[in-house]
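The basis for the numbers below is simple: all heavy atoms, side chains too, and nothing from hydrogens, waters or symmetry mates. Reminder, nothing fancy here: chain letters follow the sequence lines and each chain counts from 1.
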2 protein chains.
Amino acid sequence: MPTKSRTGAARTPPTRELLLDAAERLFGEQGYSATSLRQLTAAAGTNLAAVNYHFGGKQGLCKAVLARRIAPINAERFRRLDRLRRRPGLEAIVRAFLEPPLRATGCAGGVPCTSPAARLCRLFGRISVEQPAFLRDFVAEQFGLIARRFAAEFARLATRPGRGLDRASRWWRMHFVVGAMAHTLQSADSLAALSDGQCNPDDVDQMTEELVAFAVGGLRAAACRRAPPRARGEARR
Amino acid sequence: MPTKSRTGAARTPPTRELLLDAAERLFGEQGYSATSLRQLTAAAGTNLAAVNYHFGGKQGLCKAVLARRIAPINAERFRRLDRLRRRPGLEAIVRAFLEPPLRATGCAGGVPCTSPAARLCRLFGRISVEQPAFLRDFVAEQFGLIARRFAAEFARLATRPGRGLDRASRWWRMHFVVGAMAHTLQSADSLAALSDGQCNPDDVDQMTEELVAFAVGGLRAAACRRAPPRARGEARR
DNA sequence: CAGCACCTGGAACGATCGTTTGAAACGCGC
DNA sequence: GCGCGTTTCAAACGATCGTTCCAGGTGCTG
């Protein structure tokens, strides 16, 4: 952690970064449990013991990988929210939430970006679902703040007359947005296969626009409760 | 060792079922890689070797666990779709897709249902994201049929005048629905914590209604085209 | 009874896991 | 040069992994 080689243009990436990059890729591709430290260090071109030296173990490495990405993304989210404080706009809020993770595809912080949108994305989606017990608190802490902030922004919007979402409904729907995002980040490839190539998982722009439109539409949908929405069919229950 | 003569009456759960139940719970709670066969067989009260005898190995057990649940769910989906063939209705289609997995919470096939909605749900969400390489083809086969069927139903709706979703957009949005569902199934608990208990993950009814409303709203959202309100440059596809 | 197919039991296999160790190699002030 | 903290390396640690083996139990058929 002593930042000493900051001055000279580091021609050789330090071991720490090599490990973080390899871990980010492999954890994202295979998951945390399924990735062994030997495979990881081999991919990083470092020694096996380096993981324990720099990060104290596999769990520490995992936390470091997440922290390196999540922190800037959430900071960017807060920045965007603060900037548009005067103009509510549901879509703007949704974009402030979705675009940073979708677009911060590793090209942001000077980190090499081998595949345009795949790396961080996969890791992100992975972790949000795999959730090993040891970092339950960690992710809760990382995402709790931003989630509450968005809940507050969403609540301010929802108080408009005519939109009758209660607090629980708002939470549910934010959760759905997170799920759509995570699943998209993680397994867009399978969609490409399913759609016979009509969906290009590397087209981050289209993906973003579709997801934003979908999320806004879903968040905007009227409250459901058990009142039949329209005079339409829907003869269930 | 004290093996009471159990067979004969066909009332006692055979080893196969014990293993499937335990695997369903543990794979769902911890993931596939993170669950060891020793932990699993201990929880099931069976011998370690039984896994390899009945299922040929850990992978075979995993496939069997999935197949036992997915097949009836997809059958139910097809049944519902066939039944409402004359009446389109986006919401009805969405319900035909979402309700079987949400409600078939293990109470369907005579399987014990300890926790009302948690068990199968978690497994379902897990697998749809963890996706070990060895069952890539398996899940693609299991979900491919139903996905294409829903895509077809959705496409028939989308041809109505005024709704300009192209094929790629429709695929994307179906993918988002799957993501919202999977994430909800898998980690509704964390939502309960985030929302300070305002969302009850065991309230399958409310969850279903919220998810249906959200999905319908998202699917119904207008095509996004290009040029979001915020000028962000970035050419689209 | 014997014969046999089916299932279960405990014990062990080889492989691989995450982690630790101790010494060698480096960087840098003196 | 020497001393010292930092980093890397090869090798090994004990634990645990999925799997295999085989004797023993069970229920059916004759």
For this session: Between protein and nucleotides 17-24 of chain D, map the contacts as a letter string: B base, S sugar-phosphate only, - none, heavy atoms under 4.0 Å, written 5' to 3'.
Result: BBBBB---
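- In this structure, the CG atom of B:L18 is 14 Å from the P atom of C:dC7, given to the nearest Å.
- For B:K63 and B:F134, the positive end is not near the middle of the six-membered ring at less than 6.0 Å and at most 45° from its axis.
- Between A:F214 and B:F214, the angle of the ring planes goes over 60°, which puts this pair in the perpendicular group of the 30/60° scheme.
- Listed by first and then second residue, the salt bridge (charged side-chain N to carboxylate O under 4.0 Å, His left out) pairs involving residues 28-45 of chain A are A:R25-A:E29 (not counting sequence neighbours).
- Judged by distance alone, the side chain of B:R170 and the main-chain N or O of B:A151 form no donor-acceptor pair under 3.5 Å.
- Whole-Å rounding puts the B:Q30 CD to D:dT16 P distance at 15 Å.
- With rounding to whole Å, A:R16 atom CZ is found 16 Å from D:dT8 atom C1'.
- Atom OG of A:S195 and atom CG of A:N200 lie 9.0 Å apart (nearest 0.5 Å).
- The residues A:R95 and A:E209 are annotated as salt-bridged, a charged nitrogen and a carboxylate oxygen being separated by less than 4.0 angstrom.
- Across the protein-nucleic acid pair, A:Y53 atom OH and D:dA10 atom C1' stand 17 Å apart, rounded to whole Å.
- Between B:H54 and C:dC6, a side-chain N or O to OP1/OP2 separation shorter than 4.0 Å is absent.
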